[in-house]
Amino acid sequence: MHHFTYRDNELFVENVAVQELVATYGTPLYIYSKATFQRHFTAFDSAFGALPHLTCYSVKACSNMHILRFLGKMGAGMDIVSGGELFRALRAGIQPAKIVYSGVGKTRTEILQALEAGILMFNVESMGELEKISEVANQTGHTANVALRINPDVDPHTHPYISTGLKENKFGLDMEQSYAAYMRAMELPAITPMGIDCHIGSQLTSLSPFREAVEKILLFREKLCSAGLCIDYIDLGGGLGIPYDTEEPPHPQEFGKLLTDMLSGLGITLILEPGRVIAGNAGILVTKVQYTKKTATKEFVIVDAAMNDLIRPSLYQSHHHIAEVSPRGRAKHTVDVVGPICESGDFLARDRLMPAVEPRELLAVFSAGAYGFTMSSQYNSRPRAAEVLVRGDTAHLIRRRETYEDLIAPEETRS
Ligand SMILES: *Cc1c(COP(=O)(O)O)cnc(C)c1O
């Protein structure tokens, strides 16, 4: 079952026609399906049902408050990477004891905010951060639960910008440094070493890098235990991929089986931080064709969404399926789908076989739910798009379209 379907040559999100939503809310428009979000969360979370576990949705994938709230109600914890995401998670009613905090650059202020909130644990990414957390916690009368993010040096076979578990990446500590860091953590005041953390990359389409990482983590855990430090929490991060194009990533069920086979009976509580696999295919970006243009070598379809709305094609050369909202069976030809921004890197698709669309037609850019709106900007002074959440027969505006006034409001100083 999926919830972006054509009925009589009209694209629907659940039971609502995209045309109708555009008539009300305009373009560019992010549209999410609540049923799809829920189905993805349940499929993922239930795959680990045989293990003590906590599924911490990765807030940065799609961080709208309405989405965090209903995921929280379904039992999700949250994986955050900034003070701003902590603020969102708490406001959305997420229990602090279900929040884990990752990221290489946590500031003193952010650390204190997380300590005051009483989060489950910090995923610590450097020796300096470990010392800083200890200092802040000690000075303010808190105790910090920590996991050290180890970098297992496994190749996730994904785009270089989203691989994080290789030696050359900025994330985590290598195995030797990690061992020293755990030994240090045992001596530091106000620190409880509670977990081992790792996140090897994003958009993984095979399970073998996960298997390799878990094998290394389990050996490492034994080594720590021999040194008198027995760790109960293993956080495996996120990273499970989704089909954007022809990829065939493993089903969460297979991922669950792998980890259940490897971890059950060991007294381990597993933490997972899925983002893309929950949100990616739960959202589309709808855009209106403005112009078509032929040059000596190329044909362009110029649309009203741009790299400021969806940066993934420009940043990662990533593929997003693009289709007409109202298909008419026309012959296909090869075009570039580009936005109005003054950059040659502003494109949604290159050399794409598409029907000969015309100005004013609507196009749907699929798989835009994760790292879509959250990576958007106001570049070229373009107000950010609106976000709509569809649930069955109804649609809710969950973020209004920004206005020109929104663009300049923070600049209105009275000096
Ligand atoms: C981005 C991120 C995630 C989520 O990754 P997905 O590929 O979207 O599942 C999880 N954990 C950490 C630490 C991250 O940085």
Side-chain angles (χ1 to χ4, degrees), residues 37 40-41 43-45 47-48 53-63 67-68 71 76-82 84-86 89 98-106 110 114 119-126 129 146-152 156-166 169-173 195-207 209-210 213 217 233-244 247 249-252 255-256 259 270-283 312 315-316 318 367-375:
F37 258 104
H40 289 170
F41 180 78
F44 190 91
D45 191 56
F48 302 91
H53 76 284
L54 177 63
T55 302
C56 292
Y57 170 70
S58 175
V59 172
K60 74 180 191 289
C62 184
S63 52
I67 288 166
L68 302 187
L71 289 174
M78 301 278 149
D79 168 49
I80 59 166
V81 293
S82 71
E85 288 190 351
L86 174 64
K98 287 185 171 178
I99 296 175
V100 295
Y101 189 175
S102 309
V104 292
K106 302 174 189 80
E110 288 175 317
I119 64 164
L120 178 62
M121 74 177 113
F122 291 89
N123 290 334
V124 176
E125 306 223 13
S126 65
E129 184 191 333
V146 303
L148 292 174
R149 177 164 175 180
I150 66 171
N151 182 334
H157 303 292
T158 185
H159 188 280
Y161 287 10
I162 51 175
S163 86
T164 54
L166 284 168
N169 296 131
K170 72 176 174 184
F171 298 98
L173 294 155
I196 301 174
D197 171 49
C198 122
H199 169 73
I200 54 179
S202 200
Q203 185 54 14
L204 272 69
T205 52
S206 128
L207 290 179
F210 287 113
I217 288 172
Y233 283 82
I234 291 185
D235 182 339
L236 263 191
L240 194 60
I242 61 167
Y244 283 99
E247 304 94 328
H251 190 277
F255 189 31
L259 296 186
L270 180 64
I271 297 177
L272 297 141
E273 304 171 349
R276 190 187 309 272
V277 73
I278 308 293
N281 280 323
R312 298 191 68 259
L315 188 61
Y316 312 126
S318 50
S367 313
Y371 309 105
F373 186 87
T374 50
M375 291 182 99

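Heads up: numbering here begins at 1 and tracks the sequence. Treat the numbers as computed from the prediction; the structure is a model and nothing was measured. Both ligands and their constituent atoms are indexed starting at 1 by order of listing.
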Within 45 degrees of the ring normal and closer than 6.0 Å to the centroid, is that where the cationic atom of K106 sits relative to F122? no

Judged by modelled atom types alone, do S102 and R149 share a side-chain donor-acceptor pair under 3.5 Å? no

Should the pair H53 and F48 be assigned to parallel (<30°), tilted (30 to 60°) or perpendicular (>60°) ring geometry? tilted

A side-chain contact here means heavy atoms from C-beta on lying under 4.5 Å apart; do L240 and F210 qualify? yes

Report the relative orientation of the aromatic rings in Y57 and F37; use parallel for angles under 30°, tilted for 30 to 60°, perpendicular for over 60°. perpendicular

Would you please write out the protein residues whose heavy atoms approach any atom of ligand 1 to under 4.0 angstrom, listed by chain and number? S58, K60, D79, S102, R149, H199, S202, G238, G239, E273, P274, G275, R276, Y371

Can we say K60 and E85 salt-bridge, meaning some charged N sits less than 4.0 Å from an Asp/Glu carboxylate O? no

